[in-house]
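What follows is a single structure, written as structure tokens, with notes after it.
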Amino acid sequence: MTLPKDFIEKYQRLLGNQAADFLATFEQEAVAAFRTNPLKKVQKDFSDPIANTLWGHFGKVSGKSIEHVTGLVYSQEPAAQMVAQVAAPQKGMKVLDLAAAPGGKTTHLLSYLDNTGILVSNEISKKRSKILVENVERFGATNVVVTNERPERLAKTFKDYFDLIVLDAPCSGEGMFRKDPDACQYWDKDYPAQCANLQKEVLQEAMKMLAPSGRLVYSTCTWSPEENEAVVVWLLESYPDLELLPIEKINGMVEGLDMPQVARMYPHLFEGEGQFVAHFQDKRSAPSQPQKVKSPRSNLTAEQRQLWQNFSKKYLRIDLSGLLQTFGNQLYCLPEGLPDLTGLKLARNGLHLGTFKKKRFEPSFALGLALTSDQVKQGVTLSPEDFKAYVSGNTVSISGDYQNGWYQVLAEGNGLGFAKLVNGTLKNYFPKGLRFNS
């Protein structure tokens, strides 16, 4: 890899006698890893765990594997996994992932929340927000809203709202050079300072949304001090109620530059790519009375509510908690405790339950991914060969004593949407945009 001359000289100055080892890593392959998804009912044993993590493993995952398609695994390199691990939200928290696509940190945060509380996952790019929605749905979480907004618009709706905010900020991307060598072409010596200005603008809006006594995790995938320690200093000076918390240094993490509380990940010391993480606590006291927020309302017609209740009673073993709302003929279940989201651009308004059609209700692919087999009254299990046929868009013949109706499709015990069984033939409801030949 040909690194920019100014980049080499910069890190020779910063790293001194470690610079040669650091620069040598750019001739090595990027480190591949993944996390397992604790929300899925049926787990598998994977080898080569990442030390000091709950769900991390070294290795590559095929995008065509049953594990990936059912959301049991999510590819994410080891350094990036440290961000949500530092955040480690407690169950029931209200959490914001402010720059979330493609979804690695969002899905990791969801692992800690375990379908409790609320996660608002935001991505300003409409194209990238679609990828984020796809990854959230595959993960099978029920407590997520995906927004497609500018931070300043979110701040008007979520003032002093979140217990935890994670900002993996847009940055110069130095830590991703091994994974994406083309990123070198966009780097110049002034680029980190330009990125730092943007990061401060986003953080100003983030601070408006942080609840008193809440926590903020700020991270970048770069080593640039302008975007890391300098931004931390700016935050502490600009917001005197913020306290910088120490981060445990594990797996080769090191202290920041003249800042021992923060964590840096260099590829010659940490088996992964580049990352910086800082952890803050807001020292303002939480109000004795929670703030009143305008709550959203259900907009279902009596007929729609009856159709959903009929489906739920016939096919589900659980009552899904949350607020039911329709967008056109699409039914969603929002997490409880959200403010009114009117006026915000929504890419995923909670859990997509399904579609209202003439006098009937059809369950969604997302619902079949989110529910475990013991939450549904009937399911059909695909063999490995049936799985290949189904994901390529074909119908599947099902033998046995099955009545006609809706079934959760299962592969290796985990959900793969819903499908209708008609006279021994499982109709194909695998989304056309996700189909592939394996």
Side-chain angles (χ1 to χ4, degrees), residues 39 92-97 100 103 106 110 113 115-123 126 129-130 132-149 153-154 156-159 161-162 209 290-316 318-371 375-376 406 415 417-418 429 431:
L39 304 185
M93 275 187 165
K94 293 177 288 189
V95 182
L96 171 65
D97 187 357
T106 280
L110 290 169
L113 288 172
N115 278 328
T116 67
I118 296 169
L119 177 66
V120 176
S121 184
N122 182 67
E123 174 54 47
K126 186 174 182 179
S129 70
K130 292 179 179 178
L132 175 59
V133 167
E134 183 181 310
N135 285 326
V136 165
E137 288 193 344
R138 185 182 299 113
F139 208 73
T142 61
N143 60 330
V144 194
V145 172
V146 179
T147 53
N148 176 211
E149 276 295 358
R153 284 179 53 82
L154 287 176
K156 292 178 181 178
T157 297
F158 292 105
K159 184 177 185 300
Y161 180 82
F162 292 104
M209 295 183 273
Q291 64 169 326
K292 293 182 179 180
V293 296
K294 182 182 177 183
S295 300
R297 296 182 177 181
S298 179
N299 61 350
L300 271 67
T301 66
E303 180 185 19
Q304 288 172 332
R305 188 173 296 278
Q306 190 62 54
L307 287 172
W308 163 250
Q309 289 175 348
N310 291 346
F311 172 86
S312 180
K313 182 178 180 180
K314 185 174 182 179
Y315 293 108
L316 305 185
I318 61 166
D319 291 323
L320 288 168
S321 61
L323 177 73
L324 299 180
Q325 277 193 344
T326 55
F327 278 69
N329 63 349
Q330 304 300 312
L331 178 63
Y332 291 84
C333 182
L334 279 74
E336 295 176 341
L338 279 169
D340 188 351
L341 304 181
T342 302
L344 294 180
K345 296 176 186 175
L346 301 175
R348 183 185 193 260
N349 193 29
L351 174 62
H352 184 208
L353 299 179
T355 306
F356 291 110
K357 298 195 172 180
K358 291 181 181 179
K359 305 294 182 182
R360 59 193 171 92
F361 175 81
E362 288 192 358
S364 71
F365 179 64
L367 180 62
L369 285 167
L371 297 178
Q375 295 172 327
V376 180
W406 289 103
F418 277 94
Y429 284 81

Please enumerate all residues that pass salt bridge (Lys or Arg N to Asp or Glu O under 4.0 Å) together with K357, with sequence neighbours excluded.
E362
Working to the nearest 0.5 Å, report the span between CE of M93 and OG1 of T116.
10.0 Å
Can you tell me how far apart OG1 (T157) and CG (L341) are? Round to the nearest 0.5 Å.
7.0 Å
Atom CG of L346 and atom CG of N122: how far apart are they, to the nearest 0.5 Å?
10.0 Å
Nearest non-hydrogen partners of S121 and V144, listed with the distance:
CB-CG1, 4.2 Å
If you look at every heavy atom in G350 and P335, which pair is closest and at what distance?
CA-CD, 4.4 Å
Please examine the side chains of F162 and V120, heavy atoms only from C-beta on, and report whether any two atoms are closer than 4.5 Å.
yes
Any donor-acceptor pair under 3.5 Å linking the side chain of Q304 with the backbone of T301?
yes
If I take atom CG from residue L307 and atom OG from residue S312, how far apart are they, to the nearest 0.5 angstrom?
12.5 Å
For K345, enumerate each residue passing the side-chain contact (heavy atoms from CB on, under 4.5 Å) test, keeping only those at least two apart in sequence or located in another chain.
N148, E149
By the salt bridge (Lys or Arg N to Asp or Glu O under 4.0 Å) test, which pairs, at least two apart or in different chains, include something from residues 327-343?
K294-D340
Taking only residues two or more places apart in sequence or in another chain, which ones pass side-chain contact (heavy atoms from CB on, under 4.5 Å) with A366?
E137, L351, H352, S364
Do NZ/NE/NH1/NH2 and the carboxylate oxygens of K130 and E134 come within less than 4.0 Å?
no
Which distance, rounded to the nearest 0.5 Å, do you find between the CG of L119 and the OG1 of T106?
5.0 Å
Start with the C-alpha distance between L320 and W308, add both sets of side-chain angles, then the distance that settles side-chain contact (heavy atoms from CB on, under 4.5 Å), and finish with yes or no.
CA-CA 11 Å; L320 288 168; W308 163 250; 4.1 Å; yes
Output the distance between atom CD (E303) and atom CZ (F356), rounded to the nearest 0.5 Å.
9.0 Å
Using every non-hydrogen atom in the two residues, find where G322 and C333 come nearest and quote the distance to one decimal.
CA-SG, 3.8 Å
F158 and side chain to side chain contact (heavy atoms under 4.5 Å, CB included): which single residue from K94, M209, R153 fits?
M209
Identify, with sequence neighbours excluded, every residue that meets side-chain contact (heavy atoms from CB on, under 4.5 Å) alongside S298.
L300, R305, L323, L324
Residues forming a side-chain contact (heavy atoms from CB on, under 4.5 Å) with N299, sequence neighbours excluded
Q325, T326
So, for L113 and G92, which heavy atoms are closest and what is the spacing to 0.1 Å?
CD2-N, 4.4 Å
Test side-chain contact (heavy atoms from CB on, under 4.5 Å) applied to E123 and V146, step by step
CA-CA 8 Å; E123 174 54 47; V146 179; 5.8 Å; no
Does any non-hydrogen side-chain atom of N143 lie less than 4.5 Å from one of L110?
yes
Does the side chain of T142 reach to within under 4.5 Å of the side chain of L39, using non-hydrogen atoms?
no
Here the pair of heavy atoms bringing W406 nearest to F361 is NE1-O, 4.1 Å
Output, in order, the C-alpha distance, side-chain angles, deciding distance and verdict of side-chain contact (heavy atoms from CB on, under 4.5 Å) for L96 and Y161.
CA-CA 9 Å; L96 171 65; Y161 180 82; over 6 Å; no
Candidate pair V376 and F418, rule side-chain contact (heavy atoms from CB on, under 4.5 Å), full reasoning:
CA-CA 10 Å; V376 180; F418 277 94; 4.0 Å; yes
Flag side-chain contact, heavy atom, 4.5 Å: F311 against L367:
yes
Please examine the side chains of L344 and V145, heavy atoms only from C-beta on, and report whether any two atoms are closer than 4.5 Å.
no
